[in-house]
Amino acid sequence: MTSSGTNPGALPGSAAWELLLPAASAPARARGRFLQAALREAIRAGRLAPGTRLPSSRELAKDLGVSRGLVTEAYEQLTAEGYLRSGRGAGTWVGGAVRAATPRARDLAPGPHGVRVDFLPGSPDLSLFPRAAWAAAQREVLAELPHRDLGYPDPRGLPRLRSALAELLARRRGVVGDPERIVVVSGVAQAAALVGSVLHARGMREIGVEDPGSPQHDGLYAAAGLRTVPLPLDDEGLAPGPLHASGVRAAVTTPAHQYPTGIACSAGRRTRLLDWARSVDGLLLEDDYDGDFRYDRAPVGALQGLDPERVAYMGSVSKSLAPGLRLGWLLVPEFLADDVVDRKRTMDLGHPSVDQAVFARFLERGDYDRQLRRCQRAYRERRDVLVAALAEHFSHARVSGIAAGLHAIAELPGRYGPESRFVGRAAAAGVAVRPLSACTHARGDESAVRLVLGYAHLPAARIREGVRLMAAALDG
Ligand SMILES: Cc1ncc(COP(=O)(O)O)c(C=O)c1O
């Protein structure tokens with residue numbers, strides 16, 4: 001922070017703002033984004049110097065001819081990113097210099113091994129990581145953290161973080177969020193390892209997994225000593241008949257946005273899954289890997305909220321902030337809680353406490369909600385770009401699973417197949433795609449081309465380029 005940040009500079013005349021931030025000339029839908037980008041760019045380029053005081057949101061909205069809400073949102077977003085500062089009664093002004101990398105050229109350069117466009121699913125846009133807000137939370141925590149919090153942490157996690165998570169998950173996901181049942185973990189992967197190994201220690205040897213499903217699940221539960229039993233889906237989610245017939249007493253499910261098909265588990269199916277769990281005295285392991293992102297449907301709450309004693313609920317920041325943080329949460333039913341916490345203690349003596357405190361602060365400051373809103377807007381737009389590009393280049397493509405999440409399923413007519421040929425040709429053109437067949441144990445229809453396309457991490461131009469390259473490769 002520069003000293004000028006506490007001594008805000010002069011307000012330029014109103015005509016200057018229109019020149020600097022020509023937001024009103026953008027199409028209505030893009031105006032907010034345009035305004036934020038223009039403000040960011042003006043600060044980066046030094047056209048708005050540190051300390052420059054910005055007009056009130058009402059004044060700027062009037063000058064630019066946009067709604068006041070757009071300006072307020074832009075101020076909030078850029079404040080969260082560290083470009084702007086604000087103080088009660090002191091207005092908003094430009095903060096200290098922020099040196100963010102300009103993504104344009106890098107985004108369009110070829111990636112490693114000749115991959116020009118990587119549609120492999122699983123990653124959020126890492127360039128949206130809120131570095132400035134995270135750094136601010138980190139600074140505050142390091143200034144305030146009592147010495148005792150640098151000792152070995154409670155293996156369940158810092159009480160402050162567990163309380164903040166309980167509030168967040170109850171509010172956003174409908175989870176029954178008792179802080180006593182929360183264990184802070186290093187991601188869904190560790191949550192699965194913990195529950196898997198406790199089930200194994202209690203004599204379980206098999207666990208059901210969705211098919212098609214996440215290739216991660218097989219490996220994670222196999223490492224805990226559990227054989228995975230593939231369970232088929234139908235239009236409403238995990239199919240109850242085969243689940244009953246399988247003989248398993250625990251099953252992994254992704255009900256908010258099934259991985260990879262994108263099916264949202266219906267209300268009726270949720271009830272039947274819980275009935276099954278009760279009837280076998282069993283457990284559902286709910287992997288809520290991308291439940292925060294939904295675009296044009298009502299929120300689908302977590303299964304755990306319907307019966308917290310029959311569901312172990314797992315989530316993480318891997319899709320909302322960055323997988324590299326290795327930070328997640330597990331909510332366990334009472335009958336497993338002590339064993340899971342013991343297992344966590346023996347595994348790593350608890351999650352790093354500074355990281356936990358930073359995340360708690362980040363949540364308490366409202367930064368996490370802001371980040372989710374920001375990503376939600378970006379990802380919805382990218383989803384729309386992908387759907388439009390597929391419609392343009394692949395006539396009769398059927399796209400599904402798009403109401404939520406960070407990836408979509410594209411089903412292409414048989415004439416584009418077989419799938420292995422399609423994937424090979426796309427790779428030769430520099431486009432990496434994952435076929436749906438890589439997510440299933442079943443032998444599917446070899447001629448059908450079904451792709452799991454991750455889009456959230458790609459700028460719009462890249463998405464268009466990738467689809468165009470695939471279509472050209474197929475034509476060739
Ligand atoms: C369906 C699913 N579950 C779990 C994970 C692992 O998540 P985490 O990074 O939280 O360990 C992934 C990672 O991509 C995933 O796709």
Side-chain angles (χ1 to χ4, degrees), residues 118-126 129 157 165 168-169 173 182-197 207-224 226 228 230-231 233 237-238 251-265 284-294 300 302-304 311-331 344 347-348 351-352 355-356 359 368 372 375 379 401 404-409 432 434 436 438-441 451-457:
D118 177 355
F119 280 118
L120 297 182
S123 180
D125 184 342
L126 302 176
F129 182 75
L165 281 172
L168 174 88
L169 298 172
R173 307 293 305 121
I182 294 181
V183 184
V184 177
V185 291
S186 63
V188 169
Q190 190 181 49
L194 287 171
V195 177
S197 79
I207 189 165
V209 290
E210 293 170 332
D211 190 352
S214 168
Q216 305 263 17
H217 290 152
D218 280 328
L220 287 171
Y221 292 99
L226 299 175
T228 50
L231 300 169
L233 311 170
L238 205 47
V252 184
T253 183
T254 49
H257 184 240
Q258 200 276 333
Y259 188 91
T261 63
I263 295 167
C265 186
L284 286 156
L285 290 80
E286 179 173 19
D287 177 353
D288 199 20
Y289 67 105
D290 69 358
D292 273 313
F293 298 109
R294 64 184 166 77
V300 181
L303 193 58
Q304 189 266 8
V311 181
Y313 173 86
M314 310 165 182
S316 75
V317 300
S318 293
K319 305 289 190 264
S320 51
L321 285 168
L325 291 179
R326 305 312 302 139
L327 194 49
W329 43 88
L330 165 64
L331 273 85
K344 172 70 181 165
M347 199 179 253
D348 58 14
H351 199 76
D355 293 357
Q356 293 192 58
F359 187 41
Y368 193 68
L372 291 176
C375 292
Y379 298 164
L406 314 185
H407 68 268
I409 300 285
R434 174 171 298 162
L436 188 73
C439 303
T440 178
H441 296 250
L451 308 171
V452 189
L453 298 175
Y455 55 78
H457 59 295

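Not measured: the values here are computed from a predicted model. Numbering of ligands and ligand atoms starts at 1, following listing order.
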What distance separates S318 OG from L406 CG, expressed to the nearest 0.5 Å?
-> 11.0 Å
Verify the distance criterion only: is there a donor paired with an acceptor across the side chains of H217 and D287 at less than 3.5 Å?
-> yes
Sub-4.0 Å atoms of ligand 1 with respect to non-hydrogen atoms of Q216 = 13 (C), 14 (O)
Does the side chain of Y368 pick up a donor-acceptor pair with the side chain of S320 at under 3.5 Å?
-> yes
Polar-atom distance check: A189 versus ligand 1, any N or O pair below 3.5 Å?
-> yes
May I ask you to list the atoms of ligand 1 that are less than 4.0 angstrom from any heavy atom of G187?
-> 10 (O), 11 (O)
Counting heavy atoms only, which part of S214 comes closer than 4.0 Å to ligand 1: side chain, backbone, both or neither?
-> side chain
Does P323, backbone or side chain, put an N or O under 3.5 Å from an N or O of ligand 1?
-> no
Are the side chain of D118 and the backbone N or O of L120 linked by a donor-acceptor pair below 3.5 Å?
-> yes
Give the residue, atom name and distance (to 0.1 Å) of the protein heavy atom nearest atom 9 (O) of ligand 1.
-> S318 OG, 2.6 Å
Tell me: protein heavy atom nearest atom 7 (O) of ligand 1, and distance?
-> V188 CB, 3.7 Å
Taking both backbone and side-chain atoms of S316, is any N or O found less than 3.5 Å from an N or O belonging to ligand 1?
-> yes
Short list, please: which atoms of ligand 1 are under 4.0 Å from a heavy atom of R326?
-> 8 (P), 9 (O), 11 (O)
Compute the centroid of each ring, for Y259 and then for Y289, and state whether the two points are separated by less than 6.0 Å.
-> yes
Atom 14 (O) of ligand 1 [closest protein heavy-atom partner, distance rounded to 0.1 Å] | K319 NZ, 3.0 Å
State if Q190 counts as touching ligand 1 under the rule of any non-hydrogen atom under 4.0 Å.
-> no
Evaluate the criterion side chain to side chain contact (heavy atoms under 4.5 Å, CB included) for residue pair L303 and L284; output intermediate values, then yes/no.
-> CA-CA 9 Å; L303 193 58; L284 286 156; 4.0 Å; yes
Are the aromatic rings of H407 and H457 close, with centres under 6.0 Å apart?
-> no
Residues K319 and D292 bridged, charged N to O under 4.0 Å = no
Side chain, backbone, both or neither: which part of D287 comes within less than 4.0 Å of ligand 1 when only heavy atoms are counted?
-> side chain
